[in-house]
Amino acid sequence: DVPRGCFDARLATGPSGAGDCAGPIQAWGSILADQGVRIIAAMAYVPFAVGLLGGVPIVGRELESRTAQTAWSLNGSRLRWLIRQIAPVLMFLGLAVTFAALASDAVEADRAVWGQSPFLDIGLHGPPVVARAFGAFGLGLLLGALLGRTLPAFVFGAILLLALVYQVLPELAEMRSWLD
């Protein structure tokens, strides 16, 4: 529990803090350094995993269990069937990932108070996290429909998204170097 005004005092006096604020600020900083890094690092993978887990089974499960023809023929339109299947998953996915994005954004704001530039973790907090999850959801939906099997579609999607993460993150690191 860091008392009010301690961060202002820290900014005024430097990293050592001032008087009664030094201990709580140091404890807060160590928690932020330990747990905050884990939360931000998880945001490189969590949106993709959640998106794939939500998107792959929607059509892939119907094709894999060979109930797609029956399900589609009982509905007036395949598009209406798809919307009915997607809507609850998208609402849950949107809420879950938005919560994770807000949490990572709060951690990043705290890290900015500590003196770290938010550009160091660009794309790992805030709205880009939600965009990644919805992109992974669309990819999962497409792979589930194309492959017709949920496990191979999930594995293939995970491989594609891991390749994307490891291709994009070095590019972001390069951008960070010239931003500093």
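With Val59 as the fixed residue, the side chain to side chain contact (heavy atoms under 4.5 Å, CB included) test singles out one of Leu147, Leu82, Leu143: Leu82. For the side chain to side chain contact (heavy atoms under 4.5 Å, CB included) criterion with Pro47, the lone passing option out of Val129, Leu161, Val130 is Val129.
Counting heavy atoms from C-beta outward, Phe156 and Leu160 have side chains that approach closer than 4.5 Å. Looking at heavy atoms from C-beta onward, Phe134 lies in side-chain contact with Leu93 at the 4.5 angstrom threshold. Contact annotation: the side chain of Glu108 approaches that of Ile40 to within less than 4.5 Å [non-hydrogen atoms, C-beta and beyond].
For Arg84, the CZ atom is densely surrounded, since the number of other residues' heavy atoms within 6.0 Å is greater than 12.
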Steps toward side chain to side chain contact (heavy atoms under 4.5 Å, CB included) verdict (Leu151, Val56): CA-CA 9 Å; Leu151 184 60; Val56 167; over 6 Å; no
Stepwise side chain to side chain contact (heavy atoms under 4.5 Å, CB included) test for Val50 and Phe137: CA-CA 8 Å; Val50 171; Phe137 176 81; over 6 Å; no
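Hydrophobic clustering (side-chain heavy atoms under 4.5 Å, transitive across Ile, Leu, Val, Met, Phe, Trp, Tyr) groups Phe154 together with Leu162. Follow the hydrophobic side-chain contacts under 4.5 Å out from Leu90 and you reach Val46 in the same cluster. Note on Leu53: it clusters hydrophobically with Tyr45, by side-chain heavy-atom contacts below 4.5 Å among ILVMFWY residues. Linking Ile, Leu, Val, Met, Phe, Trp and Tyr residues whenever their side-chain heavy atoms come within less than 4.5 Å leaves Ile83 and Trp81 in two separate clusters.
Leu142 belongs to a hydrophobic cluster with Leu146, counting contacts under 4.5 Å between side-chain heavy atoms of Ile, Leu, Val, Met, Phe, Trp and Tyr, direct or through other members.
In terms of heavy-atom proximity, Arg132 sits nearest to Met43 at NH1-O, 3.5 Å.
Scored by the side chain to side chain donor-acceptor pair (under 3.5 Å) test, Arg80 finds no partners at all (sequence neighbours excluded).
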Side chains of residues 95-104: which donor-acceptor pairs under 3.5 Å do they make with residues two or more places apart or in other chains?
unit_1, atom_1, unit_2, atom_2, d
Thr98, OG1, Gly94, O, 2.5
Ser104, OG, Ala100, O, 3.3
Ser104, OG, Ala101, O, 3.0

